[in-house]
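Naming: A, B, ... by sequence-line order, numbering from 1 per chain.
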Protein chains: 2
Amino acid sequence: MSAITIKMLARELNLAISTVSRALMDSYEISAETKEKVHALARQLNYQPNHYASSLRRQRSKTIAVIIPEISNNFFSHVINGIEAIAQEKNYHVLIYFTHENQQKEAEVIQHLLSGRVDGILMSMAGNTSNIQHLHPIREQGIPIVFFDRICADLDAPTVTTDDFDSSLLATHHLMEVGCKKIAYLSISPHLSIDCKRMQGFQQAIATKNGNVASLLLPCSTDPQRNQELITNMLATEKPDGIFASVEKLAITSYHACASLGLAIPADVKILSFSNLETASLLNPALTTIIQPAHDMGKSAATVLFNMLEKRKTRNWERNTVIRSSMIIRRSTQIAR
Amino acid sequence: MSAITIKMLARELNLAISTVSRALMDSYEISAETKEKVHALARQLNYQPNHYASSLRRQRSKTIAVIIPEISNNFFSHVINGIEAIAQEKNYHVLIYFTHENQQKEAEVIQHLLSGRVDGILMSMAGNTSNIQHLHPIREQGIPIVFFDRICADLDAPTVTTDDFDSSLLATHHLMEVGCKKIAYLSISPHLSIDCKRMQGFQQAIATKNGNVASLLLPCSTDPQRNQELITNMLATEKPDGIFASVEKLAITSYHACASLGLAIPADVKILSFSNLETASLLNPALTTIIQPAHDMGKSAATVLFNMLEKRKTRNWERNTVIRSSMIIRRSTQIAR
DNA sequence: CTGTTAGCGCTTTCAT
DNA sequence: ATGAAAGCGCTAACAG
């Protein structure tokens with residue numbers, strides 16, 4: 001009924017608890033035959049070491065935490081997939097926490113993890129997180145942390161991001177090439193590093209076209225309802241022929257807004273978006289999407305973290321490791337081949 | 001630097017460790033002023049209880065495991081979201097494991113969880129899992145488990161599923177209503193409960209149309225490359241005018257297969273699929289999708305599990321709780337309104 | 001090579 | 001109302 005312990009094995013075999021323990025961890029100072037006996041019984045009784053006991057004793061848990069704003073966004077599900085793949089390889093376990101874009105929640109989760117519950121943290125910041133007070137204890141306790149995608153610029157920690165500026169630049173050029181004369185940039189949150197960089201790339205692209213192409217900026221919210229109104233209104237009054245959505249969600253809302261106004265895509269308005277919904281882009285050649293290598297980002301972030309965990313003693317973890325996955329821009333024309 | 005413990009608080013306040021412990025857990029036998037002092041210091045020093053120590057001592061971890069085949073599938077990301085929402089509410093933590101549709105991996109994960117690492121398990125079975133030997137230890141140890149979506153028919157445990165049969169019936173009727181005369185059902189794996197029920201619903205619908213509508217069955221694999229060949233070949237030789245894909249992936253492959261043959265969708269071939277890619281269906285009105293209430297399923301499954309955890313003593317957990325979330329069928333015509 | 005012992009940090013009897 | 005002490009299951013020093 002109840003789980004079987006090392007003690008039971010010891011009693012059964014007339015050995016000391018420590019001997020059994022050592023045999024199980026394949027210590028060099030145990031005779032081959034004793035090891036064999038122990039392993040045999042362990043297998044037979046289906047022994048499984050108590051993770052909490054061993055985590056308490058050694059001061060590491062072979063567990064990492066992943067903190068993300070949400071998962072409804074397809075991007076993060078791919079990231080998690082990548083993370084878990086690496087974790088599995090390294091025999092680590094993954095605790096998952098959603099902040100739902102809520103700073104309060106983010107702080108609570110972090111607070112909890114301060115107890116030594118995890119060996120390391122992988123984190124993508126909540127949208128509205130502008131102050132980072134709640135992150136300091138992590139640094140003080142020296143818990144390794146790696147930021148991905150939505151990084152924390154004010155903290156000297158490793159980050160893994162995609163090259164948002166460059167991708168935006170390219171993508172905006174693409175919009176201009178296909179004839180857009182007035183492009184609206186839909187911003188999701190100025191506090192988000194990704195939004196900033198994407199906007200910068202956008203603006204840079206516009207600027208180099210000196211005057212030929214007009215641009216406008218529409219700050220959106222996290223409320224879909226409200227966004228729909230904002231975008232519809234903008235479409236009606238400003239009549240742009242191109243939309244650059246900073247995030248996928250806004251592209252979809254734009255899609256609906258266009259539909260409600262009877263605007264054809266891409267004939268009347270071209271919509272461009274960062275996205276990880278490969279499927280969506282595959283199924284609808286009308287959209288131009290910038291596919292982010294989400295799975296790879298998860299793997300990269302996890303790899304960086306595990307490197308930190310392994311080189312814990314060298315104490316060089318404050319060094320800033322920045323990995324910029326390059327991005328794949330997939331255009332509608334390519335897909336419709 | 002290192003995390004602060006109950007012992008430190010005790011020494012600082014000149015109290016016994018046990019007193020501090022009791023104060024923190026708000027025991028009735030501690031004076032109000034002592035409690036206040038303890039709490040104050042705890043707050044000040046940012047004390048966080050060591051989860052491993054307390055999990056070891058009490059025999060519960062306030063942690064559950066979610067075992068799913070994959071997450072690239074959008075369906076499961078919504079499910080996880082639902083699960084995490086409930087877990088957060090109940091102050092539980094969530095460990096996540098992917099089996100990658102691999103029975104071997106599934107067994108390993110289960111094996112690990114036998115150590116009392118989690119209080120309960122939420123699980124969706126791997127596709128190729130036909131034998132269930134690896135699940136027995138769970139039952140023997142009495143670890144509460146709830147299956148969702150891909151349930152285990154041979155095990156008497158609570159399950160949460162959507163009504164696949166009924167949805168398939170309705171969906172197939174829809175295909176027939178819009179004029180399909182020869183419909184191909186693409187099966188993903190006969191070992192999967194969902195595939196079976198969906199096929200049954202499909203066949204039932206065909207059967208009631210006595211002879212008017214032809215049907216065929218195409219068993220597919222988990223290899224996209226191979227599926228693409230299979231489907232393209234089938235389209236060329238059998239020339240169906242309707243496709244019922246058991247899972248989203250097969251719908252997308254079908255989409256590509258049609259494209260490669262120059263077949264128009266939905267003019268030449270109508271594609272229907274279970275899916276949770278709401279976005280895909282919104283973006284491409286050519287597809288008919290049956291949207292599954294994934295988020296709700298996650299919440300339901302988690303709720304059932306927590307009920308079991310709370311009523312642990314009553315030992316009535318072998319009772320079979322079946323929740324059939326009803327499904328929402330969203331048709332292309334509705335979307336293109 | 002194996003056994004004895006001392007904790008990891010916390011909860012929980014049992015005393016007082 | 002508080003303290004002393006035992007112990008959850010495991011690891012790791014220290015003996016021998």
Side-chain angles (χ1 to χ4, degrees), chain A residues 1-39 41-42 45-63 93 112-119 141, chain B residues 1-39 41-42 45-63 93 112-119 141:
Chain A
M1 204 49 137
S2 82
I4 118 126
T5 73
I6 222 175
K7 199 173 174 179
M8 295 162 158
L9 297 183
R11 192 164 32 215
E12 189 76 21
L13 295 168
N14 266 319
L15 286 170
I17 295 181
S18 57
T19 307
V20 175
S21 172
R22 275 183 287 235
L24 287 171
M25 53 202 318
D26 217 36
S27 164
Y28 66 97
E29 43 182 5
I30 297 291
S31 75
E33 63 174 330
T34 304
K35 273 185 193 171
E36 195 34 63
K37 272 198 300 191
V38 172
H39 278 119
L41 186 63
L45 296 185
N46 210 10
Y47 166 77
Q48 207 59 26
N50 184 310
H51 186 262
Y52 293 112
S54 84
S55 293
L56 178 60
R57 181 58 236 242
R58 337 170 80 179
Q59 292 272 32
R60 51 198 253 295
S61 58
K62 285 245 172 204
T63 305
H93 300 256
H112 170 83
L113 296 179
L114 257 33
S115 65
R117 169 115 208 219
V118 294
D119 297 346
Q141 289 205 13
Chain B
M1 205 47 139
S2 82
I4 118 125
T5 73
I6 224 175
K7 199 173 174 181
M8 295 163 160
L9 297 182
R11 192 164 32 210
E12 191 77 21
L13 294 168
N14 266 319
L15 285 170
I17 294 180
S18 55
T19 308
V20 175
S21 173
R22 275 182 286 232
L24 286 171
M25 52 202 319
D26 219 37
S27 164
Y28 67 99
E29 42 182 5
I30 297 293
S31 75
E33 61 175 331
T34 303
K35 272 185 195 170
E36 194 35 61
K37 273 198 298 189
V38 171
H39 278 118
L41 187 64
L45 295 185
N46 208 11
Y47 167 78
Q48 206 59 26
N50 183 310
H51 186 262
Y52 294 111
S54 82
S55 292
L56 179 60
R57 181 59 235 248
R58 333 170 87 182
Q59 293 272 29
R60 52 199 252 295
S61 58
K62 285 247 172 202
T63 305
H93 300 256
H112 171 83
L113 297 178
L114 255 35
S115 65
R117 169 113 206 219
V118 295
D119 297 346
Q141 289 205 15

Check your understanding: Between K7(A) (NZ) and dG3(C) (C1'), how many Å, whole number?
Key -> 16 Å
Point to revise | Close approaches to DNA chain C from residues 50-58 of chain A, in residue order (heavy atom, under 4.0 Å) | key: L56(A), R57(A)
Practice item. Mind checking the CD1-CG spacing from I4(A) to L114(B)? Nearest 0.5 Å is all I need. Key: 11.0 Å
Point to revise | side chain to side chain contact (heavy atoms under 4.5 Å, CB included) partners for E29(B), two or more places apart | key: R22(B), S27(B)
Point to revise | R22(B) CZ to dC10(C) P, straight-line distance once rounded to whole Å | key: 15 Å
Check your understanding: Considering residues at least two apart in sequence or located in another chain, which fulfil the side chain to side chain contact (heavy atoms under 4.5 Å, CB included) criterion with T19(A)?
Key -> L15(A), A16(A), I30(A), T34(A)
Exercise for review: Report the C-alpha separation of V20(A) and Y47(A) in whole Å, then their side-chain angles, then the decisive distance to 0.1 Å, and conclude whether the side-chain contact (heavy atoms from CB on, under 4.5 Å) test is met.
Suggested key: CA-CA 12 Å; V20(A) 175; Y47(A) 166 77; over 6 Å; no
**Study point:** Touch class at under 4.0 angstrom, heavy-atom based, for T5(A) against every strand present
**Key:** sugar-phosphate
Check your understanding: In whole angstroms, how far is the P atom of dT4(C) from the CD atom of E29(A)?
Key -> 16 Å
**Study point:** Test log, rule side-chain hydrogen bond (donor to acceptor under 3.5 Å, both in side chains), inputs D119(B) and S61(B)
**Key:** CA-CA 6 Å; D119(B) 297 346; S61(B) 58; 3.1 Å; yes
**Study point:** salt bridge (charged side-chain N to carboxylate O under 4.0 Å, His left out) involving K35(A) - partner list, sequence neighbours excluded
**Key:** D26(A)
Check your understanding: Want to settle it: does Q48(A) or K35(B) sit nearer the 5' end of DNA chain D, counting the closest nucleotide to each?
Key -> K35(B)
Check your understanding: How would you label the contact of S18(B) with the nucleic acid (heavy atoms, under 4.0 Å): base, sugar-phosphate, or nothing?
Key -> base
Point to revise | Below 4.0 Å: OP1/OP2 of dT2(C) and any side-chain N or O of T34(A) | key: yes
Revision key, fill the gap. Its 5'-most and 3'-most nucleotides having an atom under 4.0 Å from a non-hydrogen atom of chain B, DNA chain D is contacted over dA1(D) to dG9(D)
**Study point:** Integer-rounded Å distance: dC10(C) P and R117(A) CZ
**Key:** 14 Å
Practice item. Under the side-chain contact (heavy atoms from CB on, under 4.5 Å) rule, what do N50(A) and T5(A) come out as? Steps first, then yes or no, please. Key: CA-CA 8 Å; N50(A) 184 310; T5(A) 73; over 6 Å; no
**Study point:** H51(B) and H112(A) aromatic ring geometry - parallel, tilted or perpendicular at 30°/60° bounds
**Key:** perpendicular
**Study point:** Those residues that, when tested against Q59(A), pass side chain to side chain contact (heavy atoms under 4.5 Å, CB included) (two or more places apart)
**Key:** none
